4 protein chains.
Amino acid sequence: MATVTRRIGAESSATRAAMLGAAEALMRDEGYAAVSTRKVATRAGLKPSLVHYYFPTTDDLLIAMFRRGADQSDAMLEAALSAPDPLRALWDFFADTSRTALTLEFMALANHRKTLRSFMVEHSEQMRERQVELLSRLPALADSPFADCPPAGLSLLLAGIGRALVMEGGMGVVGGHAEARAFVEQWLERLRG
Amino acid sequence: MATVTRRIGAESSATRAAMLGAAEALMRDEGYAAVSTRKVATRAGLKPSLVHYYFPTTDDLLIAMFRRGADQSDAMLEAALSAPDPLRALWDFFADTSRTALTLEFMALANHRKTLRSFMVEHSEQMRERQVELLSRLPALADSPFADCPPAGLSLLLAGIGRALVMEGGMGVVGGHAEARAFVEQWLERLRG
Amino acid sequence: MATVTRRIGAESSATRAAMLGAAEALMRDEGYAAVSTRKVATRAGLKPSLVHYYFPTTDDLLIAMFRRGADQSDAMLEAALSAPDPLRALWDFFADTSRTALTLEFMALANHRKTLRSFMVEHSEQMRERQVELLSRLPALADSPFADCPPAGLSLLLAGIGRALVMEGGMGVVGGHAEARAFVEQWLERLRG
Amino acid sequence: MATVTRRIGAESSATRAAMLGAAEALMRDEGYAAVSTRKVATRAGLKPSLVHYYFPTTDDLLIAMFRRGADQSDAMLEAALSAPDPLRALWDFFADTSRTALTLEFMALANHRKTLRSFMVEHSEQMRERQVELLSRLPALADSPFADCPPAGLSLLLAGIGRALVMEGGMGVVGGHAEARAFVEQWLERLRG
DNA sequence: AATGAATGAGATTTCATTCAT
DNA sequence: CATGAATGAAATCTCATTCAT
């Protein structure tokens, strides 16, 4: 720890954290296209030049943002793995509004930011594998209609349904939401180990 | 309906169609932030001023783009309603790759384009209602594990799963895809009828 | 003439001419690196945006500058061809301070502006050919010590000596200038046809 | 001479040499405008701050670069003075490609770097004087058509012709080059002492 | 119905320089 | 010796929009 080489904008820097926080808030509130040097600086109460000092290119900033979010997701997933009711914890993870809105923005961004896309794909695959571990440990699934679906497929189903609820909900679409949510809750209850 | 205001640049104009086509290609290839007066004009081989002539503001252009896509989706959905196997037709609609990249961009856009968002919400709700009609007509569902889930909820589930397959697939994520797809296919087969 | 398609920033535009004039003055006074949107606009009393309207990229501006200068050079060379004493006219052309300072800047620029370089090479070759025509018509050369040197070589010698006088003179170097100039003048006198 | 002020970053420093080398490579490859603190540091694998430590201002760096190049030129010229065929050695010096790209950049730079310009003028005058010494020792010149031209003038002629060959050659201009070169070679041969 | 001209704003990036340690 | 942090300025380019014709 003492001999770590200090790089520009060390992870520990409070300034750096402020920028990432501001960038995240901007992306959440106004969409990915709003993450610009100027706006990030203004929101963080800093000078635009300083943002470029820490993140020379916009790609650098976006990748750092993604990494920070990915770390948070990883931590939540790890917590779910050792939770008393892992399936519910996983579902809560998928249905979490705060992270999923950002995920959507990053997915839209991935279309035209190659470096970012490769990070995202790699992380998605890793998360899916971790979810497979979680789902494989649930004996109750064997007696359910989902017995036919391997854990990896189940992970995708839950992710898709959760994302749909969050994305549509964020926009203001309500039709079918209560019903879908109740249906999932019902199965979570039945499958509780 | 009879009092429709005549707008500049009639819907039938070939020039107008060329612009919308160019804008759609741009959004698909480079993301929503690339849909600008200049780029649309360049891509369509027209002058930037002409784009403003047809679409005074960027919002006007985006709304027209959304409307055109929505009309296509509506047509596909209507076709599904009278298809021999409506459930499969609905699923094919959800799993269709051609529209999904654009849908994602529009969802990201909706974050900071209020007028666009209201159009999108309204259209989503209308589509869900039409899907409810479709799903309500399927007696086979009563014997399935989805009997507990009202049609509106089922519509959301299928939409979410389909979107997840297309969105992740478009990025290059593959884990769990074959499994999830097989699981859905299996149920489509069982519920045919 | 009447049916010429008007392009952005038609050659006839006074605004365009003002920009090119300002850019030329800047390059002469402060070097090629001083030719920037802002400085050109300020010097011409116009807005920076307008410069980009006429010359979308800096390369476009530099190429237009070069073309204008090349046209002037061409005209001067044509005049020399029909001058009473063509050799002296050619030498005056080479020793002309106003053009040669710019030529130097463009040569330095050519190092890292590929498109510009190809224009310059092509133009240089054309000018040399025209000078060969001029020099081939001088019978007096046959009796001189330069009889051994073909016209193309002579063109290069004169160009190099003229450029050296102008370049060094512009910087403030004086050693050998009077002597070299006198030597050339002496031969011009002797070779006068 | 005995009271030379000790400056930061001794001339002998390897770090300093690395910076000057990087700066020279940059100027050669991308033009004088590319010689910036950052780029020099990056190219030398050092931190930008360190460049400022050694060369407080950009002028300091450019002057050091010029001095280093001037020292090399001086050494070449001294070698020519004691060469078996001094005239040919002088010509080889003028026609040497390695230094000329940089010379051109420095000449363009001199336009707006006053301190640099005075260094360059002083050095040019010194070099010309040294060349005069060399040329004064050649008795063969007396029988040539260049007898009328004092050594200082001859120095300028040769310098200009050599520079023209190198500069144009570097750009890709070829017309007249073989002819001019052959003509000079012929005279070098005739005047060989 | 169409277009050229003009403009203010802002995005991205690079820069030289200063300062504290 | 050496470096990280910070900053104001400027360069390049793109944009939406307005206006006059």
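Since the model is a prediction, treat every value here as computed from it, not as a measurement. By convention in this document, chain letters (A, B, ...) are assigned in the order of the sequence lines, proteins followed by strands, and residues within each chain are numbered from 1. Note: hydrogens, waters and symmetry copies are ignored here, and every other heavy atom, side chains too, is used.
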With sequence neighbours excluded, tell me which residues meet side-chain contact (heavy atoms from CB on, under 4.5 Å) with [X].
X	answer
A:F106	A:M27, A:M65, A:F66, A:L109, A:L116, A:M120
C:L50	C:T15, C:M19, C:L46, C:Y53, C:Y54
C:S98	C:R28, C:D96

Quick one: is [N] close enough that its OP1 or OP2 comes under 4.0 Å of any side-chain N or O from [X]?
X	N	result
A:Y54	F:dG4	no
C:T58	F:dA11	no
B:K47	E:dA2	no

Separation of [N] [atom2] from [X] [atom1] (nearest whole Å):
X	N	atom1	atom2	answer
C:R16	E:dA6	CZ	P	13 Å
D:M19	F:dC1	CE	C1'	11 Å
C:L46	E:dA6	CG	P	8 Å
B:L26	F:dT14	CG	P	14 Å
B:D60	F:dA16	CG	C1'	12 Å

Sorted by chain and number, sequence neighbours left out, side-chain hydrogen bond (donor to acceptor under 3.5 Å, both in side chains) with C:T58 holds for none
Residues forming a side-chain hydrogen bond (donor to acceptor under 3.5 Å, both in side chains) with C:T115, sequence neighbours excluded: C:D59
[X]: what forms a salt bridge (charged side-chain N to carboxylate O under 4.0 Å, His left out) with it, not counting sequence neighbours?
X	result
D:D71	none
C:R68	C:E24
D:D29	D:R43
A:D60	none

Check DNA chain E against residues 28-40 of chain D and give the residues with a non-hydrogen atom under 4.0 Å, in numerical order. D:V35, D:S36, D:T37, D:R38, D:K39
Reading 5' to 3' and counting Watson-Crick or G-U wobble pairs with both distances under 3.5 Å, write the dot-bracket notation for DNA chain E, | for bases paired outside the strand. .||||||||||||||||||||
Scan nucleotides 19-21 of chain F against the protein and return all N/O pairs shorter than 3.5 Å with their distances rounded to 0.1 Å.
none

Looking only at atom types and distance, does a side-chain atom of B:S13 sit under 3.5 Å from a main-chain N or O of B:R16, one as donor and one as acceptor? yes
Looking only at N and O atoms, is any donor in the side chain of C:Y53 or the base of E:dA6 less than 3.5 Å from an acceptor on the other one? no
Going from CD on C:E30 to CZ on D:R113, what distance comes out if it is rounded to the nearest 0.5 angstrom? 12.0 Å
Upstream residue (5' side of DNA chain F) when A:L50 and B:F55 are each assigned their closest nucleotide: A:L50
Residue closer to the 5' end of DNA chain E, D:P48 versus C:T15 (nearest nucleotide): C:T15
